[in-house]
Amino acid sequence: MSSLAILAGIFEGFRITALVTALGLLYAIPFALLFGIFQHFSKGPLRALVTSVIEFWRSSPVIVLLYAFYYSLPAFGIYLSAIAVGSMVLGLNIGGYGSQSVRAALQALDRGQSEAGLALGLSRFNVLRFIELPQAITAMIPTFINQAIQLIKGTALVSLITLTDMTFRAKEIAQLEYNPVGVYSGLLLAYFIVCYPVTIFGRRVEFAFGKSRQKINEF
Amino acid sequence: MNALRAIDPATDKGPATGRPAVEIRHLSKWFGDFQVLKDVNLTVRNGERIVICGPSGSGKSTLIRCINHLEAHQEGEVIVNGTELKAGMKNLPALRRDIGMVFQQFNLFPHLTVLENCTLALVRAKKMSKAEAKEIAMRNLEKVRIPEQAEKYPSQLSGGQQQRVAIARALCMSPKIMLFDEPTSALDPEMIKEVLDVMTALACEGMTMLCVTHEMGFAREVADRIIFMDQGEIVEEAPPQKFFGAPEAGRTRRFLDQILH
């Protein structure tokens, strides 16, 4: 089997890798925003609750979470597809990290920003929506792109719960071909091919937002 | 004595016959164990211009921040435009729309243009159309003589220009009272005058103003009353002539000696 054929074989799993990534982001982004904001604004028992949810997803090994949810939930009568479990677990794990970037970005904002908004008679929610979040999200973009790449790489783990992603395909081919060196080098290359464009995209986005971020820094 | 003064505060009680603009009674406030305000009493009539000065840490900024409830007080009453401010009150945003505030650090929104800084609260809090809001914003930017910068971002302006935009932004809400918290302290010396000129013009229009400032020239020219605070208390309260000419308290005299070199 030629290197190109191996790579083509691996990319048969791209659809699953991309699907788990995309669904994972659908979990990660809302989770990061909501829990980051809640953690920033809540106090007392509510904050403890929010923090424990974040820590559960952030501090557990992803592989353990995958097994736990994939193999244990049916015992409780909950049957989810491997795709559903994989994207949820990976997404919420990355979302847990993301929530900390959101909170840090909100905390880093000058208090004068929200004070100026409140003094103008804006509601607390509108201050968050129109003054704090736009600035926080701009400051967060580099971290966010990083976490998206982490998510793509993390999808390799779903091969362990029967999904035929790129890693699963590579294992299949390796067993058929007895060529682990060729196959796993091909797999490395395959993930690079997928992740590198995201890095470039990230740089573009950063550059596009660079102007306004520079403004924030100067300010 | 003062050509700027449209009405003589000694004889004229101002245009409004109703309640005073600000009534502060027995106001006390603590930051932890530290008492920043000690039984402060102050009444400001409509149209009156008050300058508050005093050494740093004397509580003067905290006092005016209590007037729009950016700081919550623990004891006493703060009544603004006839409504008492209380923690957790529902209509606080609406009350704050009648109280403009200008900060030492300008606090312009860096991700918005000058025009958007001015229209944000008009559109989002007063629910105006964008066109209407823009018209009001441009009128106020003209008032602070900076309409040509409307499409720029705050970081592209000088400090003096930024502070004038901040004044215009506050004026857009058509406030009844304006609070100034050391508006010129963060400015380079050559930019102080342009901001003071705008404030003086505002005073001449009869705006009710409370200014925390060390600009004694401005105080002498514009203020109806000057208040000197030290260690959380109002030590002296007098019209400019008396305040500079014959201050009663020793602490006031020492303070004036230090800043009027």
Side-chain angles (χ1 to χ4, degrees), chain A residues 33 36-37 40-47 101-144 205-219, chain B residues 61 64-65 67-71 88 90-114 116-127 152-157 159 162 165-166 168-175 177-181 186:
Chain A
L33 282 175
I37 291 168
H40 179 62
F41 285 106
S42 59
K43 287 188 188 93
L46 186 63
R47 189 185 167 108
S101 326
V102 172
R103 183 179 57 85
L106 285 172
Q107 276 173 354
L109 277 181
D110 189 319
R111 211 169 131 223
Q113 288 292 306
S114 59
E115 285 183 352
L118 291 174
L120 283 169
L122 289 165
S123 66
R124 189 68 196 82
F125 177 70
N126 276 344
V127 168
L128 176 69
R129 182 170 157 210
F130 297 111
I131 297 168
E132 294 176 298
L133 274 185
Q135 296 184 54
I137 288 173
T138 310
M140 253 172 52
I141 283 172
T143 326
F144 197 80
V205 175
E206 254 185 82
F207 185 77
F209 278 90
K211 264 188 174 172
S212 52
R213 213 179 40 255
Q214 192 184 0
K215 270 159 206 147
I216 292 165
N217 289 342
E218 275 177 40
F219 193 73
Chain B
S61 285
I64 69 162
R65 287 162 59 88
I67 295 172
N68 66 353
H69 212 68
L70 281 182
E71 300 284 357
K90 287 272 178 290
N91 56 343
L92 191 56
L95 291 174
R96 279 173 170 157
R97 275 165 228 157
D98 289 333
I99 313 166
M101 185 159 203
V102 175
F103 299 86
Q104 183 176 355
Q105 299 296 341
F106 328 136
N107 293 348
L108 293 176
F109 308 130
H111 61 300
L112 301 178
T113 63
V114 163
E116 289 164 341
N117 263 276
C118 293
T119 57
L120 178 67
L122 288 173
V123 174
R124 298 298 170 182
K126 285 202 169 175
K127 308 285 174 209
K152 288 195 179 167
Y153 283 90
S155 62
Q156 295 167 291
L157 306 184
Q162 290 191 42
V165 171
R169 179 176 71 176
L171 290 177
C172 281
M173 304 305 284
S174 317
I177 303 168
M178 283 288 286
L179 309 174
F180 292 85
D181 188 2

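The shown structure was predicted, so the numbers you read here are calculated from the model rather than taken from an experiment. Quick note on labels: first sequence line is chain A, next is B, and so on, each numbered from 1.
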Quiz item: Does a side-chain heavy-atom distance below 4.5 Å link A/F130 with B/V123?
Solution: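 With C-beta onward as the side chain, the pair stays apart.
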Give me the atom names and distance for the closest heavy-atom approach of [X] to [Y].
X: A/A116; Y: B/F103; answer: CA-CE1, 3.7 Å
X: B/P93; Y: A/S123; answer: CG-CA, 4.4 Å
X: B/A125; Y: A/G121; answer: CB-O, 3.7 Å
X: B/R97; Y: A/L120; answer: CG-O, 3.5 Å
X: B/A121; Y: A/L122; answer: CA-CD2, 3.9 Å
X: A/I131; Y: B/H111; answer: O-CE1, 3.6 Å

Practice problem: Determine yes or no for a side-chain-to-main-chain donor-acceptor pair under 3.5 angstrom, with B/N107 supplying the side chain and A/G112 the backbone. | Solution: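 Flag set: sc B/N107 to bb A/G112 pair under 3.5 Å.
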Quiz item: Side chain, backbone, both or neither: which part of A/R129 has an atom under 4.5 Å from a heavy atom of chain B?
Solution: side chain
Quiz item: Can you say whether B/L70 sits under 4.5 Å from chain A via the side chain, the backbone, both, or neither, judging by heavy atoms?
Solution: side chain
Practice problem: Would you give the length of the straight line joining atom CG of B/L92 to atom CZ of A/R124, rounded to the nearest 0.5 angstrom? | Solution: 12.5 Å
Practice problem: Name all residues meeting the side chain to side chain donor-acceptor pair (under 3.5 Å) criterion together with B/E71; count only those two or more places apart in sequence or in a different chain, and write none if there are none. | Solution: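 B/R65.
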Self-check item: Set of side chain to side chain donor-acceptor pair (under 3.5 Å) partners for A/R47, sequence neighbours left out
Solution: none
